[in-house]
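First up is the structure itself, then whatever we jot down about it.
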Amino acid sequence: MSIRLVGRCLGIDVVIFNTSAVNQKRRITEMDSAFLIQQKETHMLSWEKLLNPARLKDIHGGKELANSGVGRKELERDYDRILFAAPTRRLADKTQVFPMEENDSVRNRLTHSHEVSNLARSIGIRLAFEHADEVFGQNHEALDVKRNVPAVLAAVGLAHDLGNPPFGHQGEEAIQQWFHDGNCSDNNNIEDDFLNFDGNAQTFRLLTKLQVLHDKFGLNLTVSTLAALLKYPSIYGSDKFGRKKHGIFKSETDIITDVWEATGLKKGIRHPFAYIMEACDDIAYSVIDAEDTVKKGYASFYDLINHLENYDKNDASIKKVIAASLKNNNEFKEIPDISSNQLNDISMQMFRVHAISQMIPAAADTFRENIKKIMSGEINGDFELISQSNCSILCKATKDFDIRYGFRHRDVLKLELQGSNYIKNTMTMLWQGICNAEKFDDRKKKSDPFEKYVYGSISENYRRIYNQSDRSDYAKRQLLCDAISGMTESYLIKKHDEFKSLANEKK
């Protein structure tokens, strides 16, 4: 029987046997099906779905109670909802890195979040106005990327730290340590959601469930914004897909499933904008933390310049930033009667300007150059825009300066220790109330006044979510994390001291 080579499909010779036309058609169809299956496995993304303006309530057949969106795109409304939400205001009393003092100008979580939002929006504007066809395709005008893209990026930048507990990343570690230390009676069965508690997953929970407006959909943000917010698109207990953390608690599995389905994403696949948000967070806490390090008096502008010069003498980005910053510094020296402190301050302000001016275009260009791989799902799990850009060494050098001169300073270490103690002690006292909450509504059961009081101090929203759950041990632990993460630092210290005083009186 003769055969005939007619072409190749996926590197395989397509062979048609000298049989009937029906058999020939069947063989080609089978190969076409295999090709389509492989295409599906690479998981091609589409901007039509990634910029889906549907909200969680829309997916479940709900309706808006107030017609407040006149003149605004749905994706633009998300930023406004986040901006006016109470958890956003609470960020003003949460530490970024350095101790907050009266009349001090160092950053807190709120100023950091606004800066990340600003940087993310600027990249969105650059992509939407200068590279729309290349990045978003020929349908970009119908998608209205000039309004929608900057809006989504500004929203996720503002929201990215909302779930972080008091006292910076040390707060996350304190929560993890409390569970690791066996403070729950069934410590051997504690879920990874708590042993490796993370503020990113708490942010998603807060926005979709805890921050109740008038229903069960939280702030009822668009699925696009929620998807773009996920730095780690995996559920606790599942594969991390090459990343260092999980990003969704098991309790929000149904919600993230709706989000992924509506945006064309799936577990392990990031929304493209998550890469941009991550890059802007990197830029903010590397460059701006360096500025705060000098502002606090832990180092000087010249310490930073010397550090960068010695870190890498050949890096082009470092050379440009140093040259531009020193030029400004020499100009500022000519100002009559300028003090050394003021010279440090204004020199660092210009360093910030020059460093960010290098990093933002670098991040945008790296995103643009890799957009095809990102959209096809072929990008590696550990891919980051800054680390793959020509500003990678500049960012690493600046972070190294932050660690050496800022994060290891005794004031910062003292704050971390104090914060850790406040969190752990408060968790222990709250846990007494949460464990016995079922007694409080049953008059036949004796309840401890102290336990009842500390339980009643937890946010009504959080207690309502708990009461609507199965009240399992998992739900109890989650209520504890909700309560701690929702506190500002001042409120945490106040409740800690109050609870401790009442506990001592009880004895």
message: To check you understand the geometry: which heavy-atom pair defines the closest contact between L385 and A363, and what is its length?
response: CD1-O, 3.9 Å
Residue pair D303 / Y298, side-chain donor-acceptor N/O under 3.5 Å: no
- prompt: Considering residues at least two apart in sequence or located in another chain, which fulfil the salt bridge (charged side-chain N to carboxylate O under 4.0 Å, His left out) criterion with K495?
  reply: E498
- prompt: Is the closest basic N to carboxylate O distance between D497 and K500 below 4.0 Å?
  reply: no
task: Dump the intermediate steps for side-chain contact (heavy atoms from CB on, under 4.5 Å) on T253 and I248, then the final yes or no.
output: CA-CA 7 Å; T253 298; I248 305 106; 5.8 Å; no
task: Keeping to residues at least two apart or across chains, list the ring pair (Phe, Tyr, Trp, His ring centres under 6.0 Å) pairs with something in residues 358-395.
output: Y275-F383
task: Flag yes if more than 12 heavy atoms outside K49 fall under 6.0 Å of its NZ atom; otherwise flag no.
output: no
field: A159 versus L207, closest heavy-atom pair with distance
entry: CB-CD1, 4.1 Å
- request: Taking all heavy atoms of L230 and all of G247, pick out the closest pair and write down the distance.
  value: CD2-O, 4.1 Å
Flag if over 12 foreign heavy atoms under 6.0 Å of NZ, K424: yes
- request: Just do the side-chain hydrogen bond (donor to acceptor under 3.5 Å, both in side chains) check on H112 and E115 with the steps written out, would you?
  value: CA-CA 5 Å; H112 167 76; E115 287 164 341; 5.1 Å; no
- prompt: Under 3.5 Å, is there a donor-acceptor pair between the side chain of D292 and the main chain of K295?
  reply: no
message: Side chains of H496 and I423, heavy atoms from C-beta outward: is any pair under 4.5 Å?
response: no
Sidechain N-carboxylate O distance under 4.0 Å for D161, K94: no
Any donor-acceptor pair under 3.5 Å from T88 side chain to F84 backbone: no
message: Is there a side-chain contact between L308 and F401 in this structure, where contact means two heavy atoms from C-beta onward sitting under 4.5 Å apart?
response: no
message: For the NZ atom on K244, are there more than 12 heavy atoms of other groups (residues, nucleotides or ligands in this structure) within a distance under 6.0 Å?
response: no
- request: Take F499 and W431, measure what ring pair (Phe, Tyr, Trp, His ring centres under 6.0 Å) needs, and give me the verdict at the end.
  value: CA-CA 12 Å; F499 293 164; W431 185 244; over 10 Å; no
field: pair F332-M350: side-chain heavy atoms closer than 4.5 Å
entry: yes
task: Decide yes or no on side-chain contact (heavy atoms from CB on, under 4.5 Å) for K245 and N196, but give the supporting numbers first.
output: CA-CA 8 Å; K245 298 178 182 180; N196 290 296; over 6 Å; no
task: Look at E191 together with K250 and state whether they make a salt bridge at an N to O cut-off of under 4.0 Å.
output: no
Residue pair E384 / S392, side-chain heavy-atom distance below 4.5 Å: no
- request: Please name all residues satisfying salt bridge (charged side-chain N to carboxylate O under 4.0 Å, His left out) with D482, sequence neighbours left out, ordered by chain then number.
  value: R205
- prompt: Looking at F194, F197, Y232, Y236, which one forms a ring-ring contact (aromatic ring centres under 6.0 Å, His included) with H246?
  reply: Y236
- prompt: Under 4.5 Å between any side-chain heavy atoms of I125 and L153, yes or no?
  reply: no
query: Can we say D289 and K296 salt-bridge, meaning some charged N sits less than 4.0 Å from an Asp/Glu carboxylate O?
result: no
- prompt: Is the backbone of G237 close enough, under 3.5 Å, to the side chain of D192 for a donor and an acceptor to pair up by distance?
  reply: no
message: Could you report the tightest heavy-atom contact between P53 and S224, atom names first, then the distance?
response: N-OG, 4.4 Å
message: If you apply the rule side-chain hydrogen bond (donor to acceptor under 3.5 Å, both in side chains), what do you find for S251 with Q478, and how did you get there?
response: CA-CA 9 Å; S251 52; Q478 197 151 52; 2.8 Å; yes
task: Would you check if there is a donor-acceptor pair between the side chains of N425 and Y422 at a distance under 3.5 Å?
output: no
field: Any donor-acceptor pair under 3.5 Å from N148 side chain to L75 backbone
entry: no
query: When you look at CD of E48, are more than 12 heavy atoms from neighbouring residues, nucleotides or ligands closer to it than 6.0 Å?
result: yes
field: Heavy-atom neighbours of R408 CZ exceed 12 at 6.0 Å
entry: no
- request: Could you please spell out the steps behind the salt bridge (charged side-chain N to carboxylate O under 4.0 Å, His left out) verdict for D365 and R368?
  value: CA-CA 5 Å; D365 288 345; R368 180 173 52 82; 3.3 Å; yes
- prompt: Between S117 and G157, is there a donor-acceptor pair closer than 3.5 Å when you use the side chain of the first and the backbone of the second?
  reply: no
field: Intermediate values then yes/no, side-chain contact (heavy atoms from CB on, under 4.5 Å), F204 and I255
entry: CA-CA 10 Å; F204 187 81; I255 298 174; 3.9 Å; yes
- prompt: Can you name the nearest heavy-atom pair linking D80 to R72, along with the distance?
  reply: OD2-NH1, 2.6 Å
- request: Give a yes-or-no answer on whether the side chains of N183 and D181 include a donor-acceptor pair shorter than 3.5 Å.
  value: no
field: Stepwise side-chain contact (heavy atoms from CB on, under 4.5 Å) test for C481 and F249
entry: CA-CA 12 Å; C481 291; F249 295 131; over 6 Å; no
task: Return yes if some donor-acceptor pair links the side-chain N/O of H114 with the main-chain N/O of T111 below 3.5 Å, else return no.
output: no
field: Backbone of L326 reached by a side-chain donor or acceptor of N330 within 3.5 Å
entry: yes
Nearest atoms (heavy-atom pairs only) where T222 meets N52: CB-O, 4.1 Å
Ionic contact status for D144 with K73, cut-off 4.0 Å: yes
